[in-house]
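Heads up, the thing below is written out as structure tokens.
One is the number of the first residue; the rest follow in order along the sequence. Ligands are counted one by one from 1 in listed order, and the atoms in each one are counted from 1 as well.
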Amino acid sequence: MAVLLELFLIVVAACIGSFLNVCIARIPAEGQSIVKPASRCPKCGHPIRFYDNIPIVSWLVLRGRCRDCGEPISLRYPLVEGLTALMGWLLLKTFGLGLPLLAAFVFVCALIVITFIDLDHQIIPHVITLPGIPACFLMAVFVMRVPAVESFLGMMIGAGTLYFVAVYFEAITGREGMGGGDVNLLAMLGTFFGWKSLLFIILMSSLSGAVVGLGYLLLKGKGRETPIPFGPFLCLGAVGYLFVGDPFLRWLLIRA
Ligand SMILES: [Zn+2]
């Protein structure tokens with residue numbers, strides 16, 4: 001029985017991943033509704049049949065090609081669906097059934113959408129982060145049991161830290177390295193977890209960002225001007241904190 005419930009929740013998460021794909025494609029395009037019209041092939045415009053819209057499975061059955069025009073369908077679609085399902089399952093294992101699972105899943109879904117939009121367009125849409133901050137405050141205080149003061153301080157310190165970095169980076173290098181989107185995103189993350197999470201998130205995101213950034217520059221051999229979005233690494237740090245944040249804080253307290 002428990003296995004069936006688990007499977008059911010994984011399938012639900014994969015379907016939500018399918019919806020996240022729609023958000024990733026449509027949110028950056030101003031004025032496009034995320035509910036209407038139904039999904040169409042971006043190449044030939046043919047509406048996707050309902051039986052071709054099954055998360056992951058349809059992509060495999062169609063071998064990654066549109067049934068109508070035969071043009072390739074991006075691997076990103078099943079990837080996002082699979083990632084959402086995997087995150088849902090990991091969160092279920094971590095939080096068990098209940099409101100914290102729901103809050104954490106909604107939070108992670110927002111991070112998935114932000115990550116892929118930032119990778120594609122180098123922007124973090126305010127339409128997600130600005131309502132995201134009060135929503136994260138409510139989830140933090142009423143569901144995740146974060147004291148309201150810690151959540152509020154998380155927002156202020158999160159925004160303040162990156163704002164400070166952004167201003168100094170621009171003053172030293174004379175170019176814009178970090179956008180207002182990153183500032184809003186770290187404010188949102190700090191709000192959800194409380195200010196104590198920020199050290200971990202900033203460390204994780206800077207380290208992973210530096211490693212991936214250097215690797216990318218070495219591989220591609222491009223100049224240092226190549227823009228690498230920071231949002232995905234902030235999201236990675238936040239997901240890491242979801243799973244190992246508490247043990248990390250305890251370890252830090254013992255060391256201190
Ligand atoms: Zn097509």
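- Side chain of Glu81 to main chain of Ile56: a donor-acceptor pair is present (N/O by atom type, distance under 3.5 Å, no hydrogens or angles).
- Looking only at distances, no side-chain donor or acceptor of Trp195 sits under 3.5 Å from a matching main-chain atom of Ser151.
- Remark: at the Zn ion (ligand 1), atom SG from Cys66 and atom SG from Cys41 enclose 110°, rounded to the nearest 10 degrees.
- Here the shortest heavy-atom pairing between Pro78 and Ser74 reads CD-O, 3.6 Å.
- Coordination check, His46 versus the Zn ion (ligand 1): failed, since every N/O/S atom of the residue sits at 2.8 Å or beyond.
- Across every non-hydrogen atom of Asn53 and Ser58, the tightest pair is N-OG, 3.5 Å.
- Cys44 contributes SG and Cys69 contributes SG; the angle these two atoms make at the Zn ion (ligand 1) is 110°, rounded to 10°.
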